[in-house]
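What follows is one structure encoded as structure tokens, with my remarks underneath.
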Amino acid sequence: MSTSTQPSTPVGKTARWVDDRYTTSNALRRNLGKVFPDHWSFMLGEVALYSFVILLLSGTYLTLFFKPSMVDVIYNGTYVPLKGVKMTEAYASSLDISFDVRGGLLMRQIHHWAALFFVGAMTIHMFRVFFTGAFRKPREVNWVIGTVLVLLGIVEGFAGYSLPDDLLSGTGLRITQGIASAIPIVGTYVSFGLFGGEFPGTDFLPRLYAIHILLIPGIILALVTAHLLMVWYQKHTQWPGPGRTENNVVGYRFFPVYMAKAGGFFFIVFGVTTLISAFVTINPVWMFGPYTPDQVSAGSQPDWYMGFLDGAVRVMPNLELVFWHHTLSLNLIVPAVVLPGIMTLLLGAYPWIEQFVTGDKREHHLLDRPRNTPTRTALGVTAITFYLMLWVSGANDIIATTFESSINAITISLRILLFVVPPIAFTITKRICLSLQRRDNDKLLHGHETGRLLRLPHGEFVEIHAPLTQKEQAEILGKVDMPVLALETVDANGVAAPWALVNNLRNRLSSWFYAINVAKPSPAELEAAAGHFSHVSAVELEATHRHREFEALGGVLHQPSEDESVNH
Amino acid sequence: MSDTTHGDTGHGHGHEVEPITYTQSDERGRILLGLDEHRSRRTDTSQRAAKRAERQIAGMFTFAAICFVAAIAAYLLVPKHDIVWVPVLGNVSASNLSLGGLIGLGTLLIGVGAIQWARALMPDEEVIQERHELRGSDEAREDTIEQFRRGAQESGFMSRPIIRRSLLGAMALFPLPIAFLLGDLGTAPDDKLRHTAWGNKPRTRILNQGSGQMVRPEDLAVGGLINAIPVGLTELEEQEGSQNARAKAAIILVRMNPDEIKSTQGPNWDYEGIVAYSKICTHVGCPISLYQQRTHSLLCPCHQSTFDLSDSGRAVFGPAARHMPQLQLDVDSEGYLVAVGDFAEPVGPSFWERG
Amino acid sequence: MKGKPAVNVSSSKRRRPMAAGVLLLLALVSTGAAYAVTTSALSAKSSSAANADNARQGKLLFTEGCSSCHGLAAQGGSNGPSLVGVGAAAVDFQVGTGRMPMAAAGVQARRKPPVYTQAEIDKLAAYVASLGPGPSVPKASQYDFSDANVAAGGEIYRLNCSQCHNYAGKGGALSDGKVAPQLMDASPKQIYEAMITGPQSMPVFSDRQIPAKNKQEIIAYINYLQSAPDPGGSALGRLGPVTETVFLFTVAIGALVAFAIWIGSKAR
């Protein structure tokens, strides 16, 4: 290959060296100028990614000092209120990291806060993807990968939370062991296998450590890579807006704009995490004391992402079956095994569930505004409400003490509210979405209310409405009015088709999903409205003009203030 | 590349805004509007504003560098155990605050600087890039299928069923030995869950964990509570090198007026109003000693299961389904309180074989 | 193993079996003797003329302020339990922490500024003590924790106290709206009194259940909790993961979303 330019700089020479061997120019040529759409909500996933990088870095630091051992030692470090106390080496080394390694406490807190950020950002990112319909074809698989990532994040977080072997995390492990034991048929063996025999044993923490620092992070890393490659290859979705279509991406180039923005955002996430770790305590393990199976503290709660499970276990009624010399603990397997199983399945399968209902098998690259799919949005809010109610149940004792109320009354109320509040949330959300759609139409046809009053020559006051900007209009007009499914339920001879039942169900579901939507105005109505606006502005101009003349003659009339007219 | 930008469609200032047309639409019924006019930033139009932004950004990077140097100084100079009072935060570690504050501020400034750079000085005209079709062409698909058929044909995978089936059989068995290798993860449960250290020998004396002394009935006042373990448990733990025995044998002793006891799990299992119950919750095994002496109820702080100790430890509230197991009490010849034998049933959470 | 006598909970201290047996015997005899001496001394004291006078004045105060619930002879009523035999310590604790008299009938008497002066409380206590034998107000030497081992106190605290009062002394929920109060304002004397009298739902921890020395260690640990620094920064009320979560989803993620909105916005 002939070289048209001879690199002279060191960077250029290195680039040539690499390209001579790996054809990097091929890939870079295609990708450096890649366009990404810009919206703040697209950055929530980035928060999760950067938190994960922070976790890898801070976690590596912690491995240099942490000893994952359940061998008992007598603590002889610098934290006086535990001096001479018997504890495991894991707990003692956690104390050493907190008090005797300079910056160790900071790293522990960064690691813990970043873990909470990681799962939190994944969850909120998932909400964004759900409510905007970004999970639809061709991105269903990435949605499933995301679901798995959230699950792994929860397990990974819980494993890390358990490692210091303090009284709080040990209580969590005891509960985990109790739940494992309750699994039908194999439960006892699962528990004995995990703990190397009876609880607590001496094997569990070293095992958990290997899982926490090697196995799960490895899987997460692989899945995150796949997740990002898919986003890169399939290109990011974008909001409807001016110039945006299903076939293009409108935004800024990866190099230099997104390299600077994404790189900068990494440092912002790192900075915020570090500042929070400098200012706010997390998981003060020295306050909890070492774990022993005969001690517990009031107000024992898990980290936030396990809260919903703990809450489900708290509000579950005490059902237990004993039959043929066997015990089936419904009070544990329903809230701690069956419920999260169903929740995960519904979540992972949602893209296909919605496809079944809508019959929509087209590719989607333009996002839905949440209001434009009221049923999906309402379903999402219902699920979140249910989840929140479970989480609140997990904090029932803190609520009872903070608000001086009866924990028994709170628990019983939550058992009921858990099934009452989500349907109410569904209805309210759907109504709000529909009225927002109506307001959108209204704004398209009549414009913004400006708050400016105009007095017409015959004395009538009218409020000036300003037309929406092109951007605002494009966002609203990007709405798709979906047809309701009308699948065949009878064949040509009027006989019920073999799939009649299924088709009938799909027709009904699709009608439930879409039929209530408000249609957007037609082009003709929009043109008419635009004409009206130009007419109104002409009237306004004329009126203002006349008013000025009147003023010149020394008259006083109400006039819209100057800065207000500048604003519009 | 066929990307287009605003610039290509013409932009500038002061020219008339074109009226919006609603004639373009896509096949899904969206009404498509063209790209709106690009608004120039102050840094695009004013050389001075651009210079100011440049100085601002460089200033942030410089300040970040200073923060990092200061953080090194803090590492070397701030004693690691010093506590300082800070408004809002309280008494906090000077080392943690200075290190975290400086490193955090430095990294934050790098980030804010980089983003300000992108916002103020890098191009902000939107670029339109076409999406490529995700689906492979029909030709590519057919060719792939052809390739696959050829390979399958050449390998003889379909035409030699003996090889195929035997391979599938072998592959199906391959994970099994690996799974068996996990067998020694734990010891077999046997009847370990059915016995506790109280059954190691008859009439075990009871050790008060609050005083380190063996319990005599007169130690315990009415309304009183003692957290206790069997005598010799600490030695057993040393021997076993684990807290396994403690996780099953921990008990609480409470005393109430004998006439307040409604029932016990066996005849005369109390001793003059003193009852002994397992401390390990029958729900998921949290140790409970949250004893409310007025109501004789025991509340688990983990999931709020509540048990009535005056009534055989019956579960009265919360998710626990079973009563707390009771230990039969007596007094030996020297006047010490003893547990007559082991619990009559497994303590702690349920398990499948429990029955 | 057989016949092995009591061993201290902390495995660091171990005695020989024989010696331990002897020591134990000595300890029991001496505590018993000490107990007998103190009680008889106290009863001797309470029969003194000054105390009788105190008790008389206490009865007047009682009739005025307490009898509507506890009955004219402190025998108990529909709104309050009998106070016969609760002892002076119970009165000193309940009235001294402002729990009694209660502002309104309820499941829980909560701490509030005391209504009576210490002198009045002493008189009330003398009156109630005269009704029947019960724990007397502890002397300063009993709750003096200056020589107590904080770490040992922490161990006993986590075993006997934290399940209700929480690891940080922040209190916790009991059944039906009752609470184990937070301990941040409790004085050493009040902590001691609470342990020996078992106020409200709290069980009794007499000196034979938890000896005075161990009580002093507990007091030393609570005293540490009351003034403990938070090396890691603001502890968010030391309420554990619940407040951490609230902080996470408001301030922390809020800050990042604010940054994201800024990044996604167009510069002017």
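Chain letters run A, B, ... following the sequence lines, proteins first and then strands; every chain starts at 1.
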Exercise. For the side chain of A/N408 and the backbone of C/D176, is there at least one donor-acceptor N/O pair under 3.5 Å apart?
Worked result: yes

Seminar exercise, completed: The interface call for A/L275 against chain C, heavy-atom contacts under 4.5 Å, is neither

For this session: For the residue pair C/L248 and A/W304, establish whether any side-chain heavy-atom pair is separated by less than 4.5 Å.
Result: yes

Problem set entry | NZ/C/K266: more than 12 non-hydrogen atoms of other groups inside 6.0 Å | yes

Exercise. Given a strict heavy-atom distance threshold of 4.5 Å, which part of A/I399 is in contact with chain C: side chain, backbone, both, or neither?
Worked result: neither

Problem set entry | Step-by-step side-chain contact (heavy atoms from CB on, under 4.5 Å) determination, C/Y224 to A/V80 | CA-CA 10 Å; C/Y224 157 74; A/V80 176; over 6 Å; no

Seminar exercise, completed: Of A/L105, A/V272, A/V85, the largest count of non-hydrogen pairs under 4.5 angstrom with chain C goes to A/V85

Exercise. Nearest heavy-atom pair of C/Y221 and A/M287: which atoms, and what distance?
Worked result: OH-O, 4.0 Å

Exercise. Given the options A/I398, A/T401, A/D38, A/V296, which has more heavy-atom pairs under 4.5 Å with chain C than any of the others?
Worked result: A/V296

Exercise. For chain A, which of C/A252, C/G177, C/S234 has the most heavy-atom pairs under 4.5 Å?
Worked result: C/S234

Seminar exercise, completed: Highest number of heavy-atom pairs under 4.5 Å with chain A among C/G172, C/S162, C/A220 belongs to C/S162

Problem set entry | Backbone of C/A151 reached by a side-chain donor or acceptor of A/K83 within 3.5 Å | no

Exercise. Quick one: what part of A/E404 sits under 4.5 Å from any heavy atom of chain C, side chain, backbone, both or neither?
Worked result: both

For this session: Please look at C/L225 and chain A and tell me whether the side chain, the backbone, both or neither of the residue comes under 4.5 angstrom of a heavy atom of that chain.
Result: side chain

Problem set entry | Heavy-atom contact with chain C under 4.5 Å, split by part of A/Q109 | side chain

For this session: Taking all non-hydrogen atoms of both residues into account, name the closest pair between C/A173 and A/I407 and its distance.
Result: CB-CD1, 3.9 Å

For this session: Answer with side chain, backbone, both or neither: which region of A/F279 has an atom nearer than 4.5 Å to a non-hydrogen atom of chain C?
Result: backbone

Exercise. If you count heavy-atom pairs under 4.5 Å between each of A/S406, A/A121, A/S98, A/S277 and chain C, which one has the most?
Worked result: A/S406

For this session: Could you look at A/Y79 and say if it's the side chain, the backbone, both or neither that has a heavy atom under 4.5 Å from chain C?
Result: side chain

Problem set entry | side-chain contact (heavy atoms from CB on, under 4.5 Å) assessment of A/I124 paired with C/F249 | CA-CA 10 Å; A/I124 297 179; C/F249 281 97; 4.0 Å; yes

Exercise. Tell me, do A/L44 and C/V257 make a side-chain contact under 4.5 Å, heavy atoms counted?
Worked result: yes

For this session: Let me know if C/V242 has heavy atoms under 4.5 Å from chain A in its side chain, its backbone, both or neither.
Result: both

Exercise. Taking atom CG of C/D230 and atom OG1 of A/T281, what is their separation to the nearest 0.5 Å?
Worked result: 5.0 Å

For this session: Could you tell me which non-hydrogen atom of C/P241 sits nearest to which non-hydrogen atom of A/Q301, and how far apart they are?
Result: CG-O, 3.2 Å

For this session: Please flag which part of A/L167 lies under 4.5 Å from any non-hydrogen atom of chain C: side chain, backbone, both or neither.
Result: side chain

For this session: Name the option with the most non-hydrogen atom pairs under 4.5 Å to chain A; the candidates are C/R110, C/K170, C/R238.
Result: C/R110

Problem set entry | Euclidean distance, A/L116 CG relative to C/F247 CZ, rounded to 0.5 Å | 11.0 Å

Problem set entry | Which portion of A/Y305 sits near chain C, non-hydrogen atoms under 4.5 angstrom | neither

Exercise. What residue in A/V280, A/D303, A/D397 has the most heavy-atom pairs under 4.5 Å with chain C?
Worked result: A/V280

Problem set entry | C/N166 side chain to A/A298 backbone, donor-acceptor under 3.5 Å | yes

For this session: Taking atom CZ of C/R268 as the centre, report whether more than 12 heavy atoms of other residues, nucleotides or ligands fall under 6.0 Å from it.
Result: no

For this session: Evaluate the side-chain proximity of A/W40 to C/I263: yes if any heavy-atom separation is below 4.5 Å, no if none is.
Result: no

Exercise. Which bit of A/Y252 comes within less than 4.5 Å of chain C, counting heavy atoms only: side chain, backbone, both or neither?
Worked result: side chain

For this session: Step by step, work out the side-chain contact (heavy atoms from CB on, under 4.5 Å) result for C/L159 and A/D294.
Result: CA-CA 7 Å; C/L159 195 64; A/D294 59 353; 4.0 Å; yes

For this session: Would you give the length of the straight line joining atom CZ of A/F288 to atom CZ of C/R158, rounded to the nearest 0.5 angstrom?
Result: 11.5 Å

Problem set entry | Contact summary for C/P231 and A/W286, nearest pair of heavy atoms | CD-CZ2, 3.7 Å

Exercise. Nearest heavy-atom pair of C/A260 and A/M43: which atoms, and what distance?
Worked result: O-CE, 3.8 Å

For this session: Heavy-atom pairs under 4.5 Å with chain A are the metric here; pick the option from C/V107, C/V150, C/L256 that has the most.
Result: C/L256

